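What follows is one structure encoded as structure tokens, with my remarks underneath.
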Amino acid sequence: MYNAKAYAANSATSPLASATIPRRDPTEHDVQIQILFCGICHSDLHTVRNEWESAMPTVYPCVPGHEIVGRVTRVGSAVKKFKPGDIAAVGCMVDSDRTCPECQAGFEQFCPNWTLTYNMPDKHTGRVTYGGYSESIVVDEHFVLRVPSNLDLAGAAPLLCAGITTYSPLRHWGVTKGKKVGVVGLGGLGHMGVKFAHALGAHVVVFTTSPNKRDDAFRLCADDVVVSRDANEMRKHAGSFDFILDCVSAEHDVNAYLQLLRRDGNLTLVGAPEKPLAVSAFSLLMGRRSLSGSPIGGIAETQEMLDFCGARNITSDVEVIPMQQVNEAYGRLLKSDVKYRFSIDMASLT
Ligand SMILES: NC(=O)c1ccc[n+]([C@@H]2O[C@H](COP(=O)([O-])OP(=O)(O)OC[C@H]3O[C@@H](n4cnc5c(N)ncnc54)[C@H](OP(=O)(O)O)[C@@H]3O)[C@@H](O)[C@H]2O)c1
Ligand SMILES: [Zn+2]
Ligand SMILES: [Zn+2]
């Protein structure tokens, strides 16, 4: 074991502050990474503040961060994919059992024995896993991704969660040219959803509560923008969408969006608000509509998404901040004031 510098929260109400955490020395299949950039996902905030207590209570101290890009510093003797000096990335998972049917099918995100990058029991240290708000991390090579060399690293980090979480359901639900797709909530996930839906050829409509994001939505290649608090604007789109991706982090009326789906249309929740959403049966009965959810994506699909981004030069629009501004950034996330992902420059930690 060795000590690494990090930023941690000690309770649901305390700000993140400088801390030291133990990391394991790389075992034979491990890759040790010096973290260069780590994105700030709203899930980091939900976890730090224990807002998901009923599903996954937070263990303190908590070191969040699962949008990690860095440079390989050491590798174990059996590691084949990476060597010191390579650029590498880590997303929301650092382990799974590799043997269950889901793992064998490449769906590690559905493994009953997965290990998330933070706030999960860590079989190596006996504590919980600590995420990317840290100077380094040690991860089994199966869960380490390659970053296309043309991508800006600060903007590539958010692809590891916001990217795969939006890419995976868009692909699963067959979004292609000719489909009308809605993206609800123009934050970290939402702005990646717009980029991917556009790149896949769909007609993309952004739903936002922030009228001041209208110009940005068009710049991100939306075909239309609806300010969702305007009932008239909403009505114009009734019964017209093939697919809607709901990326909202807080309580909202999902029925207002279900009504915009055409027959057999689907709304997928990727946003994970603290409180349950109320769904009217009629919103689903009419038009035989369906409501689903989707968690991140498997390792193979995450690599596919990164390669897709490399081929099209897609990255996240980031505001790069030093580690010391993380608490301020959380405050801005809660006000929907993010354009469109914070990416922490980890050089600020050392
Ligand atoms: N499924 C998964 O695997 C997965 C992965 C990552 C994150 N998540 C979850 O996805 C959600 C979004 O994450 P994120 O990092 O993209 O968050 P974010 O950057 O904070 O964006 C959330 C957006 O939701 C909209 N919004 C916020 N409060 C709202 C309210 N009260 N009513 C309506 N709209 C509201 C805002 O967009 P406008 O200003 O445009 O309205 C805001 O920018 C979080 O709950 C996060 O935990 C899930
Ligand atoms: Zn995330
Ligand atoms: Zn498994």
Side-chain angles (χ1 to χ4, degrees), residues 39-43 45-46 155 158 161-163 165-167 169-170 173 175 179-200 202-262 265-275 277-278 283 291 293-294 314-319 329-343:
I40 297 182
C41 179
H42 207 114
S43 304
L45 190 158
H46 289 305
C161 176
T165 301
T166 50
Y167 179 86
L170 289 169
W173 288 96
V175 167
K179 303 276 182 179
K180 184 171 174 184
V181 171
V183 176
V184 187
L186 198 62
L189 265 57
H191 93 291
M192 290 312 306
V194 173
K195 290 187 185 205
F196 286 137
H198 173 75
L200 293 168
H203 179 90
V204 188
V205 180
V206 168
F207 294 92
T208 180
T209 58
S210 310
N212 64 346
K213 292 182 183 171
R214 189 185 283 273
D215 290 349
D216 282 341
F218 284 118
R219 184 180 51 77
L220 291 163
C221 293
D223 296 289
D224 204 352
V225 181
V226 173
V227 175
S228 51
R229 297 207 159 112
D230 182 332
N232 277 335
E233 272 197 65
M234 291 289 278
R235 254 194 300 278
K236 281 185 206 151
H237 292 271
S240 67
F241 282 88
D242 296 285
F243 180 73
I244 297 177
L245 190 66
D246 184 330
C247 306
V248 175
S249 53
E251 215 170 346
H252 62 292
D253 180 16
V254 76
N255 300 289
Y257 298 101
L258 288 169
Q259 284 156 16
L260 304 187
L261 292 171
R262 63 158 179 76
N266 172 270
L267 185 148
T268 291
L269 294 172
V270 286
E274 178 179 1
K275 298 206 180 85
L277 301 170
S283 305
L291 172 64
S294 185
I314 293 174
T315 51
S316 175
D317 289 22
V318 289
E319 196 174 322
Y330 277 24
R332 286 181 52 192
L333 270 192
L334 288 173
K335 291 190 279 181
S336 302
D337 175 22
V338 49
K339 294 192 169 175
Y340 278 87
R341 199 56 143 187
F342 293 107
S343 187

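FYI, the numbering just counts along the sequence from 1. Keep in mind that what you see is a predicted model, and the values were worked out from it rather than measured.
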Q.
If you apply the rule side chain to side chain contact (heavy atoms under 4.5 Å, CB included), what do you find for Val226 with Val206, and how did you get there?
A. CA-CA 6 Å; Val226 173; Val206 168; over 6 Å; no
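- Residues Ala197 and Val181 approach most closely at CB-CG1, 4.1 Å, considering heavy atoms.
- A pairwise comparison of heavy atoms in Val183 and Gly193 identifies CG2-C, 4.1 Å as the closest pair.
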Q: Before giving the answer on side chain to side chain contact (heavy atoms under 4.5 Å, CB included), spell out for Asp246 and His252 the whole-Å C-alpha distance, their side-chain angles and the decisive distance to 0.1 Å.
A: CA-CA 10 Å; Asp246 184 330; His252 62 292; 2.6 Å; yes
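- Between Leu334 atom CG and Leu45 atom CG the span is 5.0 Å, to the nearest 0.5 Å.
- A search for ring pair (Phe, Tyr, Trp, His ring centres under 6.0 Å) contacts involving Tyr257 returns Phe207, not counting sequence neighbours.
- To the nearest 0.5 Å, atoms NZ (Lys335) and CZ (Arg332) are separated by 8.0 Å.
- Side-chain N or O atoms of Ser316 include none that pairs as donor or acceptor with a backbone N or O of Val318 at under 3.5 Å.
- For the atom pair Leu260 CG and Ile244 CD1, the distance stands at 5.0 Å (nearest 0.5 Å).
- Thr208 and Lys213 share no side-chain donor-acceptor pair at under 3.5 Å.
- Looking only at atom types and distance, the side chain of Lys180 has a donor-acceptor partner in the side chain of His237 under 3.5 Å away.
- In this structure the side chain of Leu269 reaches within 4.5 angstrom of the side chain of Val254, judged on heavy atoms.
- Judged as a ring pair (Phe, Tyr, Trp, His ring centres under 6.0 Å), and not counting sequence neighbours, the contacts of His46 are His42, Trp52.
- Each of Leu245, Leu170, Asp242 was checked for a side-chain contact (heavy atoms from CB on, under 4.5 Å) with Val175, and the lone residue meeting it is Leu170.
- More than 12 heavy atoms of other residues, nucleotides or ligands lie within 6.0 Å of CZ in Arg262, so this atom counts as buried by the packing criterion.
- The main-chain N or O of Leu189 is never found under 3.5 Å from a side-chain atom of His191 such that the two would form a donor-acceptor pair.
- Nearest heavy-atom pair across Thr209 and Ser228 is CG2-OG, 3.6 Å.
- Atoms CZ and OG, on Arg229 and Ser210 in that order, are 7.5 Å from each other to the nearest 0.5 Å.
- A salt bridge links Arg219 and Asp317; the closest N-O separation between the charged side-chain nitrogens and carboxylate oxygens is under 4.0 Å.
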Q. Could you go step by step and tell me if Trp173 and Lys179 meet the side chain to side chain contact (heavy atoms under 4.5 Å, CB included) rule?
A. CA-CA 11 Å; Trp173 288 96; Lys179 303 276 182 179; over 6 Å; no
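- Between the side chain of Asp223 and the backbone N or O of Val204, at least one donor-acceptor pair lies under 3.5 Å.
- Side-chain polar atoms of Thr268 and Asn266 form a donor-acceptor pair below 3.5 angstrom.
- Between the side chain of Arg341 and the backbone N or O of Glu319, no donor-acceptor pair lies under 3.5 Å.
- More than 12 heavy atoms of other residues, nucleotides or ligands lie within 6.0 Å of NE2 in His203, so this atom counts as buried by the packing criterion.
- In this structure, the side chain of Thr165 does not engage the main chain of Ala162 through any donor-acceptor pair within 3.5 Å.
- No side-chain donor-acceptor contact under 3.5 Å links Asp230 and Asn232.
- Taking OG of Ser283 as the reference point, atom CG of Leu258 lies at 5.0 Å (rounded to 0.5 Å).
- Atom CZ of Phe241 and atom CG of Leu267 lie 10.5 Å apart (nearest 0.5 Å).
- In this structure, Val270 and Pro169 have side chains that are in contact, with non-hydrogen atoms separated by less than 4.5 Å.
- The 12-atom threshold is exceeded at CD of Glu233, counting heavy atoms of other residues, nucleotides or ligands nearer than 6.0 Å.
- Side-chain atoms of Lys275 never come within 3.5 Å of backbone atoms of Glu251 as a donor-acceptor pair (strictly under, hydrogens ignored).
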**Q.** side chain to side chain contact (heavy atoms under 4.5 Å, CB included) between Val225 and Val205, worked out
**A.** CA-CA 5 Å; Val225 181; Val205 180; over 6 Å; no
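- Checked against ring pair (Phe, Tyr, Trp, His ring centres under 6.0 Å), Tyr330 has no partners two or more places apart in sequence or in another chain.
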